[in-house]
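So you know, we letter chains A, B, ... as the sequences are listed, proteins then strands, and number each from 1.
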Amino acid sequence: MTTWADVERESPLARTRRARRMGRILAETYPEAHCELDFRSPYQLITATILSAQCTDARVNRVTPALFARYPTPQALAAADPVELESIIRSTGFFRAKARNLIGMARTVTERFGGEIPRTLDDLVTLPGVGRKTANVVLGNAFGVPGLTVDTHFGRLVRRFGWTREKDPVKVEFAVAALFPRRDWTRLSHELIWHGRRICHAHRPECGICPLARLCPSFEA
DNA sequence: ATCCCGAGGG
DNA sequence: CCCTCTGGAT
């Protein structure tokens, strides 16, 4: 068992080795970890990802067929009637803010990026409704650019694991990147997020069935 | 009641 | 740091 006292006195090298052991177990436990949003283009992915805020991917996937039939391109979405768009995405929650952001995103893409979804983090985060997390999801899953997508699951887990004590998502991202300089960061993100949803919940984590328990200082019997 | 693979704004 | 936006699932 690994205790917090162990973590306090473990060397940077020992911490790296422990983290990588845990990372290997995650990869073995979730070999199929992937983005669960349905999409066929960067435009569809960025749109679906904006909708996925505070909403399960399964529910997003229920509205995207109608959404992309009605607005097949950024140009079409940029010209959308807000009320009609809201009616399509209503069931994903936050529909007013999301509709506003979607139209703003599509307008910015058409007006400033020639109708193409930008391929850099700096450009993506200028789009309305796109923060660093959404930007990294798009980069990783639509453009094959490795990146850590630090959401609430990701941050909670790596702090519980004792990989870092940082709370700021950017600092968390850099700390984890330093621990896994040569791993597929997109996949590692999905593995952590799947684990957060399936076992390492915010409340009442299921340590009893967790394959990482032996290496985790937050293990509770 | 509480939670969803957030983002923007004060 | 906090708050708000929002609906549906459990």
Side-chain angles (χ1 to χ4, degrees), chain A residues 26-27 29-30 32-39 42 44-64 66-67 77 82-109 117-118 121-142 145-161 163 165-173 176 184-206:
Chain A
L26 282 171
T29 307
Y30 306 108
E32 306 298 319
H34 64 280
C35 176
E36 296 179 278
L37 294 168
D38 295 332
F39 65 96
Q44 291 193 0
L45 179 58
I46 195 170
T47 302
T49 307
I50 289 171
L51 288 179
S52 76
Q54 294 300 95
C55 172
T56 61
D57 288 355
R59 227 176 329 142
V60 173
N61 290 336
R62 267 175 242 136
V63 309
T64 45
L67 182 66
L77 185 58
V83 176
E84 183 183 3
L85 176 57
E86 287 169 12
S87 74
I88 297 174
I89 66 172
R90 173 174 304 273
S91 65
T92 66
F94 295 164
F95 64 87
R96 216 127 34 196
K98 285 176 181 176
R100 197 183 335 115
N101 286 335
L102 285 176
I103 292 172
M105 178 277 289
R107 280 191 185 150
T108 309
V109 166
I117 306 303
L121 189 65
D122 288 345
D123 284 342
L124 281 166
V125 297
T126 68
L127 303 175
V130 179
R132 194 180 180 88
K133 185 263 175 184
T134 298
N136 269 329
V137 167
V138 172
L139 286 173
N141 297 285
V145 178
L148 293 167
T149 64
V150 180
D151 70 340
T152 55
H153 288 306
F154 189 114
R156 179 180 74 252
L157 264 62
V158 299
R159 283 188 294 275
R160 279 183 179 166
F161 292 171
W163 292 2
R165 271 193 260 175
E166 301 289 355
K167 287 175 65 183
D168 172 48
V170 177
K171 291 180 180 173
V172 169
E173 186 183 324
V176 175
D184 180 338
W185 287 340
T186 303
R187 272 218 50 204
L188 177 61
S189 300
H190 288 306
E191 289 158 11
L192 284 165
I193 291 164
W194 281 38
H195 189 64
R197 297 211 59 190
R198 288 159 190 227
I199 293 177
C200 196
H201 316 290
H203 305 296
R204 296 177 52 85
E206 301 180 62

Across all chains, not counting sequence neighbours, the salt bridge (Lys or Arg N to Asp or Glu O under 4.0 Å) partners of A/Arg59 are none

Separation between CG (A/Leu102) and CD1 (A/Ile50), nearest 0.5 Å, reads 5.0 Å

Paired with A/His190, the side chain to side chain contact (heavy atoms under 4.5 Å, CB included) test is passed by just one of A/Asn141, A/Thr149, A/Val137, A/Asp184, namely A/Asn141

note: A/Phe154, atom CZ; B/dG6, atom C1'; distance rounded to Å ~ 16 Å

Check: Can you check whether A/His201 has a side-chain N or O nearer than 4.0 Å to OP1 or OP2 of B/dC3?
Finding: no

To the nearest 0.5 Å, atom OG1 of A/Thr49 lies from atom CG of A/Asp57 at 8.0 Å

Taken in chain and number order and not counting sequence neighbours, the residues that satisfy side-chain contact (heavy atoms from CB on, under 4.5 Å) with A/Pro42 are A/Ile117, A/Ala142, A/Phe143

Interface polar pairs with nucleotides 3-5 of chain C, N/O, under 3.5 angstrom:
none

For this session: Look at A/Lys98 and C/dG7 and indicate whether a side-chain polar atom (N or O) is within less than 4.0 Å of OP1 or OP2.
Result: no

Quick test: give all pairs of protein nitrogen or oxygen and nucleotides 7-10 of chain B nitrogen or oxygen below 3.5 Å, distance rounded to 0.1 Å.
from  : atom 1 : to       : atom 2 : distance (Å)
B/dA7 : OP1    : A/Gly131 : N      : 3.2
B/dA7 : OP1    : A/Thr134 : N      : 2.9
B/dA7 : OP1    : A/Thr134 : OG1    : 2.1
B/dG8 : OP1    : A/Gly129 : N      : 2.8

Does A/Arg90 come within less than 4.0 Å of A/Glu86, counting only side-chain N to carboxylate O?
no

Counting only heavy atoms not in A/Arg198, do more than 12 fall under 6.0 Å of its CZ? yes

Ring center gap for A/Tyr30 and A/His195 short of 6.0 angstrom: yes

Next on the checklist: On the nucleotide B/dG6, are OP1 or OP2 found under 4.0 Å from the side-chain N or O atoms that A/Thr152 carries?
Outcome noted: yes

| field | Whole-Å C1' distance, B/dC4 and C/dC1 | value | 23 Å

Residues passing the salt bridge (Lys or Arg N to Asp or Glu O under 4.0 Å) test with A/Arg156, sequence neighbours excluded, are none

query: Roughly how far apart, to the nearest Å, are C/dT6 and B/dG9 at atom P?
result: 14 Å

Atom pairs, N/O to N/O, protein against nucleotides 8-10 of chain C, distance under 3.5 Å?
from  : atom 1 : to      : atom 2 : distance (Å)
C/dG8 : O4'    : A/Arg59 : NH1    : 3.4

